[in-house]
Amino acid sequence: MKKIMIMLWLLTVSTFSHAHKASDSYLTLTANESGLITARWDIALRDLDILLNLDADNNRQLTWAEVVTQTAALEQLVQANLQLKRQQQDCSPYVFSAPLAIDRHVDGQYAVFTLTSQCVTSGAWALNYQLLTDIDAGHRGIVSWQQDQQLARTLVVTPSSNDVSLAISAQHSLIEFWKDGVAHIWAGYDHILFLLSLLLPVVLVRKQQSWQAIERWQSALWDAAGIVTAFTVAHSITLALAALHWVYLPSR
């Protein structure tokens, strides 16, 4: 048992640097009756640095001057990696309707691109998303889509499914987020080890200088249910506090 505990500890230490470091971008799209698209795309500066080497002096500290001098290259990258279509026709090249800006998310600084595009006036909408598709298999594009003042829908775009229809339902969004959540848990060894650390004491007790299995499985079942419920409630509270910006902790 001692060897097992040491191995689990080593695995936990090895995953600290990778925990909760998923690469995401945030894309908000709004379409009106005339086929005009307005968009805001937030992309992490660390991802843009990978693509364009924004850190010109290689001191690992991006400055506003280093970012803004690459504005033309950044806008070209946006044009190349995001394509909107309607009725299988490409929409017009983007017009950047506001200067390049910087916004802070919980995991760091993001470049903010505000743009518009004109599409045909009827037909089904589709999106082709290419950002980091050949570089980071774990990258996700979180897309919020609203058409003609209807209720906004949210979908997740991944490198394996980056050509998607925007005619989505609430049920489809729920299924996609559920699938992505399951994949996120299983891909993170730190999550599994954390769950094991919570649940192992449910089935093991310390007696006579050794760990022994409990005698009644019913008590283990109730204890496990209590732990899972308490963890879920606590995690929901922290997520709500963060989402509502009532509590803000630096990612570092």
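Residue numbers run from 1 in the order of the sequence given.
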Are a donor atom and an acceptor atom from the side chains of Thr229 and Thr232 found within less than 3.5 Å of each other? no
Do Ser23 and Asp47 pair up side chain to side chain, a donor and an acceptor below 3.5 Å, judged on atom types alone?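 Result is yes, a qualifying pair exists.
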Looking only at heavy atoms, which two atoms of [X] and [Y] are closest? And how far apart?
| X | Y | result |
| --- | --- | --- |
| Trp64 | Leu100 | CH2-O, 3.5 Å |
| Arg86 | Cys91 | N-SG, 4.3 Å |
| Ile102 | Ala111 | CD1-CA, 4.1 Å |
| Tyr94 | Leu82 | OH-O, 2.7 Å |
| Asp57 | Asn59 | OD1-OD1, 2.8 Å |
| Leu27 | Leu127 | CD2-CD2, 4.3 Å |

Supply the atom-to-atom distance [X] [atom1] to [Y] [atom2], rounded to the nearest 0.5 angstrom.
| X | Y | atom1 | atom2 | answer |
| --- | --- | --- | --- | --- |
| Leu166 | Leu84 | CG | CG | 7.0 Å |
| Leu198 | Ile227 | CG | CD1 | 6.0 Å |
| Leu51 | Arg46 | CG | CZ | 12.5 Å |
| Leu29 | Ile37 | CG | CD1 | 5.5 Å |
| Glu33 | Gln147 | CD | CD | 9.5 Å |
| Asn32 | Thr30 | CG | OG1 | 9.5 Å |

Taking C-beta and beyond as the side chain, do Gln109 and Leu62 meet within less than 4.5 Å on heavy atoms?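 No, side chains not in contact.
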Do Thr63 and Gln61 come close enough that some side-chain heavy atom pair is under 4.5 Å?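 Not touching, per the 4.5 Å side-chain cut-off.
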Treating [X] as the side-chain partner and [Y] as the backbone partner, does any N or O pair qualify as donor plus acceptor under 3.5 Å?
| X | Y | result |
| --- | --- | --- |
| Asn162 | Tyr129 | yes |
| Asn128 | Gln83 | no |
| Arg40 | Thr28 | no |
| Arg153 | Trp145 | no |
| Ser92 | Gln118 | yes |
| Asp55 | Arg60 | yes |

Knowing that exactly one of Leu132, Val157, Asp24 qualifies, which makes a side-chain contact (heavy atoms from CB on, under 4.5 Å) with Arg140?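 Running side-chain contact (heavy atoms from CB on, under 4.5 Å) over Leu132, Val157, Asp24 with Arg140 returns exactly one hit, Asp24.
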